[in-house]
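Notes for the one structure printed next.
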Amino acid sequence: VSASLDDATLAQRAYARLEEMIVVGELAPGEIVSEQRISKALGIGRTPVREALHRLAANEMVRISPRRGSIVGAIGPEQRRVLFEARHPLERLLARFAARHASPEQRRRFLAGAAELVAVARGGDNKAVIAVDGELKRLLVEAARNPLLAAAVSPVHSLSRRLYFTAVARPAVSAAAAHAAVYRAIARGQEERAVARVDAVMAVLGPLMGIEPGEAGASSPASSPRAARAAVKRGRSAALTRGATTNTAT
Amino acid sequence: LRRTSSSRIRVLDLLVRDSRRFRDLDQSEPDLMAARPETSAKSFRLARALTCFRLLSTATSTEYCRTHDMSDAFALNKQRRSGRGTIDAGRRRGAPDGGEHDARRRGGEGRESDERPPNRTDAAYEAIERSIVLGELKPGGFLSEPDLIRRTGFGRTPVREALQRLAGTHLVTIVPRRGAFVSQLDALAQLPLIEMRRELDPVVAAAAAGRADVASRQRMTALVAPLRAALATGDNATVVEVDATFKRLVLAACGNPFLARALAPVYAAARRFYFAIAVQPSPAVTARHVALIEAVAAGDGRKAAAAATAFLAEIERLTRRSIGVHAA
């Protein structure tokens with residue numbers, strides 16, 4: 001058993017490294033990742049590397065083809081659409097749980113991080129934005145204190161970051177400001193407000209990352225009425241905003 | 001139908017011959033087959049096609065489906081390693097009313113649908129998950145790889161991969177230096193899960209309603225009868241099985257791997273908790289469950305989302321009541 005656990009730790013390390021390489025484009029979409037080469041490059045045995053690749057496949061970062069090995073996945077329009085479809089409710093949950101459960105220390109970090117995010121975005125350094133954003137996302141997941149949600153959101157965040165990196169050449173101040181508003185609401189423990197701010201973030205991010213206006217609802221025609229209905233059902237005005245933004249964008 | 005029957009028999013003969021050859025190889029040369037995954041995959045595809053053809057000609061025979069289904073390929077594997085009864089068989093004996101539903105469910109597995117073709121890791125995962133959900137593997141119990149290999153009949157690699165995935169779905173806890181344990185059943189953790197589902201269930205139900213293909217819709221519809229039958233006989237194990245099948249179909253059909261991944265562990269935890277607290281199926285829950293299945297199968301996104309919310313409200317009521325009772 002102990003051998004397999006050491007493998008697990010190594011697999012984690014291999015996973016983190018490979019994910020980073022894919023996010024920043026060191027490994028390009030369509031590139032074939034050879035188990036052997038990665039194993040050599042990282043100095044990690046083939047078994048943990050294989051395990052890491054399987055996890056990456058589960059996270060939609062690579063595709064495993066029985067003949068050819070692991071292929072870095074491209075992010076096509078269809079994947080962007082399902083990514084956003086999943087990200088919206090998951091971010092709403094993260095914001096709600098974080099606003100509820102964050103420790104005083106975490107709330108302070110949210111406030112400081114929000115200010116920093118806007119500052120680096122204004123500064124124009126995309127790499128710095130990615131770094132601060134990554135830090136805040138980790139804080140968000142930590143503060144939400146929900147391991148299942150954390151696991152669910154991990155591939156969504158990885159891919160979103162990758163998408164941002166490829167889609168946005170210079171930092172988008174509007175997106176940074178929208179994010180900052182979420183973090184401030186979380187810091188103040190305002191659940192409903194934080195959730196509503198997430199809706200605003202998604203409305204800004206959609207067009208930025210190449211989700212065509214209305215595309216998110218295109219193949220599920222029930223999207224907007226669904227949001228409206230859900231809002232009536234739960235008495236949450238926030239979901240109405242979600243439906244409304246889709247329509248306005250169109 | 002009659003016109004195609006002779007060619008079908010010819011194809012069937014070819015399939016039988018080929019699949020036997022591969023199965024024999026699989027039995028006599030397991031290492032060779034393991035070393036050549038494409039051959040193994042071919043044997044599996046053949047077995048699957050074979051079953052599909054058999055089902056076409058004997059679709060009415062429940063008994064046949066029960067004994068000659070897709071688990072054949074796995075059953076061989078099990079016999080080879082253990083020579084004793086499988087979890088599957090034990091469950092069937094324990095729940096005779098599940099037979100018909102089993103047959104329907106398995107019957108569908110030969111057809112093309114949204115679902116990924118099952119592989120050994122998936123099957124090992126499902127077998128272990130079922131044992132945990134049904135309490136055959138006790139909360140807090142140690143999971144030894146050799147025992148699981150014996151129990152499920154799968155090899156070391158699928159069992160290890162299944163354990164990793166079970167750790168990912170939080171049904172299993174891996175303790176460094178000590179090994180894998182069945183996670184404790186935490187009643188209070190159920191409420192955040194329900195909160196997650198409030199946000200995610202309507203989205204995934206609507207997406208599945210919009211994107212499911214004809215085969216999955218049919219398989220969903222076929223679940224209604226066994227669910228109603230289980231209500232009548234008070235058979236909760238079948239309710240849990242039907243629910244597991246339905247959730248699998250929905251998550252495959254929703255066309256969103258991110259949502260599927262988010263919800264699979266949530267649903268597994270919910271099933272486990274439900275089986276632990278519910279003495280027998282409730283008419284109210286079953287009615288909402290059936291309404292949800294029918295709405296998704298009918299392809300009405302709005303109705304499916306609303307039905308998901310209504311079903312969840314019923315589950316929440318049940319959960320809160322049981323937590324209240326447990327706390328008192």
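Just so you know, these numbers use all the heavy atoms, side chains as well, and skip hydrogens, waters and symmetry mates. Keep in mind the model is a prediction, meaning the values are calculated, not measured. Every chain is numbered from 1, with letters handed out A, B, ... down the list of sequences.
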Rounded at 0.5 Å granularity, tell me how far [atom1] in [X] sits from [atom2] in [Y].
X       : Y       : atom1 : atom2 : result
L148(B) : R160(B) : CG    : CZ    : 12.5 Å
S70(A)  : L18(A)  : OG    : CG    : 9.0 Å
E316(B) : L193(B) : CD    : CG    : 11.5 Å
L259(B) : R87(A)  : CG    : CZ    : 13.5 Å

Q. Relative to F311(B), does R288(B) satisfy both conditions: NZ or CZ under 6.0 angstrom from the six-membered ring centre, and within 45 degrees of the ring's axis?
A.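 No, cation not above the ring by the 6.0 Å, 45° rule.
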Q.
Distance to the ring centre below 6.0 angstrom and angle to the axis at most 45 degrees; does that hold for R120(B) and F154(B)?
A.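 Ring-cation test returns no.
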Q: Enumerate the residue pairs fulfilling ring pair (Phe, Tyr, Trp, His ring centres under 6.0 Å) with a member in residues 173-205 of chain B, sequence neighbours excluded, ordered by first and then second residue.
A: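 Passing the test, one end in residues 173-205 of chain B: F142(B)-F181(B).
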Show me the donor-acceptor pairs, under 3.5 Å and distance only, between side chains in residues 202-209 of chain B and residues at least two apart or in other chains.
none

Q: Check for a donor-acceptor pair, side chain of T152(B) on one end and backbone N or O of A127(B) on the other, with a separation under 3.5 Å.
A: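 Not confirmed, T152(B) side chain does not pair with A127(B) backbone.
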Q.
Can you list the residues of residues 142-155 of chain A that sit under 4.5 Å from chain B, counting heavy atoms only?
A.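 Within residues 142-155 of chain A, the residues that come under 4.5 Å of chain B (heavy atoms only) are N146(A), P147(A), L148(A), L149(A), A151(A), A152(A), P155(A).
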Q: Could you tell me which residues in residues 262-270 of chain B have at least one non-hydrogen atom under 4.5 Å from a non-hydrogen atom of chain A, sorted by residue number?
A: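 Interface residues of residues 262-270 of chain B: A262(B), P265(B), V266(B).
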(Q) For a quick check under 3.5 Å, do D243(B) and H289(B) share a side-chain donor-acceptor pair by atom type? (A)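 The criterion, which ignores hydrogens and geometry beyond distance, is satisfied for H289(B) and D243(B).
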Q: Please determine, among P257(B), S144(B), P192(B), the option with the most heavy-atom pairs under 4.5 Å with chain A.
A: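 The answer is P257(B).
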**Q.** Contact origin within L159(A) toward chain B - heavy atom pairs under 4.5 Å
**A.**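 For L159(A), the contact with chain B is made by the side chain alone.
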